[in-house]
Asks: 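Structure incoming, see below.
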Amino acid sequence: MSSYTKKKIVSLLAPVLSGLRVYKLFNPNYAGLGHILTFHRVVPKADKDRIHNHLSLEISPEHLEETIGFYKKEGYKFLSLDQVCEVLESNETNEKFVAFTFDDGYKDNFTVAYPILKKHKIPFTIYVTTNFPDHKAILWWYILEETIIKNDEIDFVWKGKEYQFKCQNTSEKELAFDQIRSLINQNFELDHYEEFLKIIFKKSKEELYAFAKTMAMSWEEIKKISRDPLCTIGAHTINHYPLSQLNEDELVFEINESKERIEKYIGKVVEHFAYPFGKKTEASLREFDAVKALQFKTGTTTRIGNIFKAHKNNKECLPRISINRVTDHHVLKLQSSGLLPFIIHKGKRVILD
Ligand SMILES: [Zn+2]
């Protein structure tokens, strides 16, 4: 089952569960102090074929407005990540909070999301992968989507092994997207990374790098947005590699060098970090320890969860709630109440691995 199918099932069940108000039972113990939301791109809906699982990296401007409206109506306080740290450090009971974070550094964060956030005075964090503005990043997830949409089959040979993925219909295309995504991250080798991508996609080096030129925020835009007190710029490594696949030196370099590079451009200290990809197989204990040792105030994953008092001592692995195309107000209620995180993590509040 593709991860989009799972998301779709949740979105179909959500109105029923939210109508039954089952989620209210979880509120006292699993809603926590608040939530950190993960966004990627905010772009108007386009009328063309897409891979739905990948499409979940994008929401429309209207959806961003609706999400803001949901938390306003529910009485949440909108906090920056620095303020989330203050809440965790203080011993007082606080109002429920929500913090908005955007991963990678897409251009539409500046052109589309920022005006909306500014209008509503919402503090937000943008985690920048520095090779995005440097135009040295390979946004292979977009190349993968484009390749799957255009082809009925993807085949290639890597290290003597033949790979074949059928992509004739929608469900095959959705599944192929998930399978090739995992293949790229699980077979990651720093020395062969670019070569592997060239072989999968049958593209030249220039073609692999072309997406970053049109989709990434420029350093000028990052500098400009960072001057707004609503904005926090966080680090998201240099290359957006799956960190679990790197050796110790490469890991520290990816984290620390991206921090220093952003600091040089914006003239402010960078104190917040998000793990690229962020699943258990892509970032875990060793990566959490590295972020803690490098003195970041927070590190955020893509594990679904709410923020609890217990996170005071585990600020290097804060879970988040991902906002995607299927996250309507019913799904938000199930996530914010703690019902969905409870099911996924079997009742655990702090996810340490
Ligand atoms: Zn990312």
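Just so you know, these numbers come straight off a predicted model, no measurement behind them. Atoms within a ligand are numbered from 1 in the order they appear, just like the ligands themselves. Side-chain atoms are counted along with the backbone in the values below, which use heavy atoms only and exclude waters and symmetry mates.
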Asks: Does anything in residues 179-191 form a side-chain hydrogen bond (donor to acceptor under 3.5 Å, both in side chains)? List the pairs, not counting sequence neighbours.
Replies: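 Non-adjacent pairs meeting side-chain hydrogen bond (donor to acceptor under 3.5 Å, both in side chains): Lys159-Glu189, Arg181-Glu282, Asn185-Glu282.
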Asks: Given the side-chain rings of His240 and Trp141, with only the six-membered ring counted for Trp, is the space between their centroids under 6.0 Å?
Replies: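 Here the rings of Trp141 and His240 have centres that are less than 6.0 Å from each other.
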Asks: Hey, mind stepping through Trp158 and Phe196 against ring-ring contact (aromatic ring centres under 6.0 Å, His included) and telling me if it holds?
Replies: CA-CA 7 Å; Trp158 179 248; Phe196 189 31; 4.6 Å; yes
Asks: Output a table of donor-acceptor pairs, distance under 3.5 Å, between side-chain atoms of residues 269-278 and any protein atom two or more places apart or on a different chain; print 'none' if there are none.
Replies:
unit_1, atom_1, unit_2, atom_2, d
His272, ND1, Thr298, OG1, 2.6
His272, NE2, Asp82, OD1, 2.8
Tyr275, OH, Glu316, O, 2.6

Asks: Would you say the side-chain atoms of Tyr106 and Asp108 include a donor-acceptor pair closer than 3.5 Å?
Replies: no
Asks: Transitive ILVMFWY cluster of Ile238 at side-chain heavy atoms under 4.5 Å: who else is in it?
Replies: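 Result for Ile238 is Phe253.
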Asks: What is the total of protein N/O/S atoms that are closer to the Zn ion (ligand 1) than 2.8 Å?
Replies: 3
